[in-house]
Amino acid sequence: MNNQNRFQKRKNLRLQYFDYNTPGAYFITICTHNRECTLSHIVGSIHESTKIRLTEYGKIVDKYINNIPSNYNATIEQYVIMPNHIHLIIAVNYNEEIMAIRESPLQGRSIISKMIGYIKMNASKEIHYNYGTKIVWQRGFHDHIIRGRKDYEKISKYIYENPITWQCDCLYRKE
C-alpha cells in the first residue's frame, strides 16, 4: 500500500465555489484538540447567573480574537469562549484591494481562513511558550455564511445563550 492510499483525503469543509473574501457576516466555530475543556469554565447553572471564567489559555485566545480588527478589514461582531470551543460572528468589510485582486476562491487562503489561522497560530505559540508543548486546536473550523437578518439574529441569540445552555450543548464535556 503506498502512502497516498494510507491517508484518507481530507473533506473540504468550505462551501464549494463560494468566495470567502466576499464582504458579509460569517458564523465560525473553532474547537479545541479532542474537545478538551482548556479555554474556560462555566460557573452557575440555568437557574442561577451563568458566567464564563476564562482559563489562562482562554485569556490568550481572547487577546488574539480582539486583535483581528487591527490586523484585518473585519470586525468581530460577537463571540463566546466556551470550555472547548469558540463561536464568533465575523463581519468582513468591503476591501477595494481584495475586490480588485479577486483571488479565485479555489486558490490561496481566504480572509476568513487567514483570520482563523491568525488566532489559532498566535494563541498556540503563546500557549506553547508559556505552558509547554500541547496541541491546542482541532484541525480546521466550521463556518456558516450568514444569510440575512433573521439568520444573524438566530445565531446571535445562540452565541449569547450558549453558556446558559452549556450542559445541553452538542459539544458539552464534563470538566
(message) Please report the interatomic distance OG1(T50) to CD1(I42), rounded to the nearest 0.5 Å.
(response) 8.0 Å

(request) Before accepting this row, confirm whether a basic side-chain N of the pair K157/E153 lies closer than 4.0 Å to the acidic partner's carboxylate O. (result) no

(request) For residues S40 and P83, report the shortest heavy-atom separation together with the two atoms involved. (result) OG-N, 3.0 Å

(message) Does any part of the side chain of K134, heavy atoms only, come nearer than 4.5 Å to the side chain of E36, both counted from C-beta?
(response) yes

(message) To the nearest 0.5 Å, what is the distance between CG on D143 and CD1 on I28?
(response) 5.0 Å

(request) Pick out which of V136, L54, T55, L39 makes a side-chain contact (heavy atoms from CB on, under 4.5 Å) with V61. (result) L39

(request) Side-chain contact test, heavy atoms from C-beta onward, threshold under 4.5 Å: evaluate it for W137 versus S124 and give yes or no. (result) yes

(request) Could I get the full list of side chain to side chain donor-acceptor pair (under 3.5 Å) partners for H144, not counting sequence neighbours? (result) D151

(message) With rounding to the nearest 0.5 angstrom, report the CD1 to OG1 distance, I81 to T32.
(response) 12.0 Å

(message) Please check this pair: side chain of Q78 against backbone of I89, looking for a donor-acceptor N/O pair closer than 3.5 Å.
(response) no

(request) Only one of I65, V92, N67 passes side-chain contact (heavy atoms from CB on, under 4.5 Å) with M115; say which it is. (result) V92

(request) Nearest 0.5 Å please: distance from the CG atom of N71 over to the CD1 atom of I119. (result) 10.5 Å

(request) Measure the acute angle between the ring planes of Y158 and H87, then classify it against the limits of 30° and 60° as parallel, tilted or perpendicular. (result) perpendicular

(message) Among residues at least two apart in sequence or on other chains, which ones pass salt bridge (Lys or Arg N to Asp or Glu O under 4.0 Å) with K59?
(response) E56

(message) Do F141 and S113 make a side-chain contact, defined as non-hydrogen atoms from C-beta onward lying under 4.5 Å apart?
(response) yes

(request) Would you mind reporting whether P163 and M82 have side-chain heavy atoms less than 4.5 Å apart? (result) yes

(message) Working to the nearest 0.5 angstrom, can you tell me the gap between L88 CG and I159 CD1?
(response) 7.0 Å

(request) Check whether any side-chain heavy atom of I90 sits under 4.5 Å from a side-chain heavy atom of I76, and report yes or no. (result) yes

(message) Y79: which residues meet the ring-ring contact (aromatic ring centres under 6.0 Å, His included) condition with it, sequence neighbours left out?
(response) none

(request) Determine yes or no for a side-chain-to-main-chain donor-acceptor pair under 3.5 angstrom, with D62 supplying the side chain and G58 the backbone. (result) no

(request) Mind checking the CD1-CD1 spacing from I127 to I60? Nearest 0.5 Å is all I need. (result) 5.0 Å

(message) Going by the rule side chain to side chain donor-acceptor pair (under 3.5 Å), which residues pair with E77 if we only count those two or more places apart in sequence or in a different chain?
(response) T75, Y152

(request) Compare all side-chain heavy atoms of I86 with those of T29 and state whether any distance is below 4.5 angstrom. (result) no

(request) Applying side chain to side chain donor-acceptor pair (under 3.5 Å), name anything that partners K51, two or more places apart in sequence or on another chain. (result) none

(request) Tell me, please, which residues at least two apart from E126 pass side chain to side chain donor-acceptor pair (under 3.5 Å). (result) K63, Y64

(message) So I30 and K120, do their side chains get closer than 4.5 Å, heavy atoms only?
(response) yes

(message) Is any side-chain heavy atom of Q138 closer than 4.5 Å to one of R35?
(response) yes

